[in-house]
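First the proteins, then the strands, lettered A, B, ... as listed; each starts at 1. The shown structure was predicted, so the numbers you read here are calculated from the model rather than taken from an experiment.
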Protein chains: 2
Amino acid sequence: MKKNTSDNHDHHGEQSVSHNHNDCIDSALATAEILCVEQGQRLTKVRRRALELIWESHRPLGAYQLLAKLAEEGFNSAPPTVYRALDFLLNAGLIHKVESMNAYLGCSHADKDHQGYFLICDDCHNVMESDYQDIHSALIAKAAQQGFELRAKTIELTGLCADCKMPSEGGRT
Amino acid sequence: MKKNTSDNHDHHGEQSVSHNHNDCIDSALATAEILCVEQGQRLTKVRRRALELIWESHRPLGAYQLLAKLAEEGFNSAPPTVYRALDFLLNAGLIHKVESMNAYLGCSHADKDHQGYFLICDDCHNVMESDYQDIHSALIAKAAQQGFELRAKTIELTGLCADCKMPSEGGRT
DNA sequence: GTTGTAATTGTTATATCATAACAAAAGTTT
DNA sequence: AAACTTTTGTTATGATATAACAATTACAAC
């Protein structure tokens, strides 16, 4: 079983993603610090490290995968440790849960109101978060036509990402 | 015998029944029979009964809840029994999995191509399946703009259903 | 109707995901 | 420091799902 460790920060493709991944981790963490201070929340060591590890994996991370990484670093290795950290991060809007994978992903827009859509590649298993505001509005309207008041949503789209559609151009992770 | 393909079933509680629920079970089962014959699939006793029980519950049913019901009726009570039946029904398009609930729901449109959207009431926990074809098209287009080729999707909307928004009119289960 | 084959089901065990309950420690306020 | 709140440690269990292999059943070919 080949498993990527936290050292693989590669964002799987030359085309679709051309940023330095360390930067996105740094900015996510910086944003998290600011948000927590603003909201009077405490980003403790384990919470902060959990968030970093989720970002470093750069794809959705299972709770027990995260727990193992935390345990390697000397944190407590019982499940409540990781689920508490995940709960905190979810409530703070710093991560999302990908329901169809039972896995957790850093939120790319934690600092602003947004509507998360996830594009999950069947092939490389990378996940991209998008924000389709107009579709969100349309969904609210459609639901309202049926008398339904929308409060939250889970939108997970699976298929082939740009890189995996063109195997000649991009390697698979 | 044509299947009832209308949306907007009032799936609200055991008591308030604005349609005859037995009819929708019967038509779902009749459709299932036809589809299985067409596709050379065998709707065995346990598969058929699993599908009936899912429809009878009239809201998403967990695998182990279903297993318990099957066991009461003399079917084998080990987990593979129910997961095999669920796999079969999922592959045949006769049920859907509601990812955010880890539960299974009869498909209201098994006999036609459709795009499932689930409206999940936070209050009464009923789930309605809708088919927003235009939003689906918009999603395909948006994803394509990002180079993503959409193959499947999970869209689960939570909020308040019509009945629960008006407590004066409808009882809660 | 027996035989061969594939599909289905039975059975045991285990993997994976998540929470309950209560004790201990650390942070915060006074 | 005392009182209080939040966070973390610890043990146990609940909930969801699959692997692996044996036994049985359905069904077609003979």
Over how many whole Å does the gap from [X] atom [atom1] to [N] atom [atom2] extend?
X	N	atom1	atom2	value
B:Leu43	C:dA7	CG	C1'	15 Å
B:Leu67	D:dA15	CG	C1'	13 Å
A:Leu90	C:dC17	CG	C1'	14 Å
A:Asp87	C:dA18	CG	P	10 Å
B:Gln65	D:dG14	CD	C1'	14 Å
B:Leu66	D:dT16	CG	P	12 Å

### Task
State yes or no: do B:Leu160 and A:Leu139 share one hydrophobic cluster built from I, L, V, M, F, W and Y residues joined by side-chain heavy-atom distances below 4.5 Å, directly or via other members?
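No, it is not one cluster - the side chains of B:Leu160 and A:Leu139 are not joined through contacts under 4.5 Å.
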Looking at [N], I'd like to know if its phosphate oxygens (OP1 or OP2) sit under 4.0 Å from a side-chain N or O belonging to [X].
X	N	answer
A:Lys97	C:dA18	yes
B:Asn102	D:dA17	yes
B:Lys45	D:dT25	no

#### Entry: Residue B:Arg42, side-chain atoms from C-beta onward, closest of D:dT16, D:dA26, D:dT6
D:dA26
### Query
Should the pair A:Asp134-B:Lys142 be classified as a salt bridge under the 4.0 Å nitrogen-to-oxygen rule?
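Salt bridge flag = yes for B:Lys142 with A:Asp134.
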### Query
If you look only at pairs with a residue in residues 150-159 of chain B, which of them pass as a side-chain hydrogen bond (donor to acceptor under 3.5 Å, both in side chains), with sequence neighbours excluded?
A:Asp122-B:Arg151, B:Ser100-B:Glu156, B:Gln115-B:Lys153
### Query
Parallel, tilted or perpendicular: which describes the rings of B:Tyr117 and B:Tyr132, with under 30° parallel and over 60° perpendicular?
tilted
### Query
Is the shortest heavy-atom distance from the side chain of A:Leu61 to the side chain of A:Glu56 under 4.5 Å?
no
### Message
Counting the atoms with a prime plus P, OP1 and OP2 as sugar-phosphate, which does A:Tyr104 contact under 4.0 Å by heavy atoms, base, sugar-phosphate, or nothing?
### Response
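Sugar-phosphate: the residue A:Tyr104, judged by heavy atoms under 4.0 Å, touches backbone atoms but no base.
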### Task
Assess whether one donor atom and one acceptor atom, taken from the side chain of A:Tyr64 and the base of C:dA18, lie less than 3.5 Å apart.
yes
### From CA spacing to verdict: salt bridge (charged side-chain N to carboxylate O under 4.0 Å, His left out), A:Arg49, A:Glu52
CA-CA 5 Å; A:Arg49 190 63 188 135; A:Glu52 281 174 359; 2.6 Å; yes
### Message
Walk me through whether B:Phe75 and B:Val82 qualify under side chain to side chain contact (heavy atoms under 4.5 Å, CB included).
### Response
CA-CA 10 Å; B:Phe75 291 97; B:Val82 77; over 6 Å; no
### Task
Please work out which residues in residues 68-86 of chain B have a non-hydrogen atom less than 4.0 Å from an atom of DNA chain D and list them by number.
B:Pro79, B:Pro80, B:Tyr83, B:Arg84
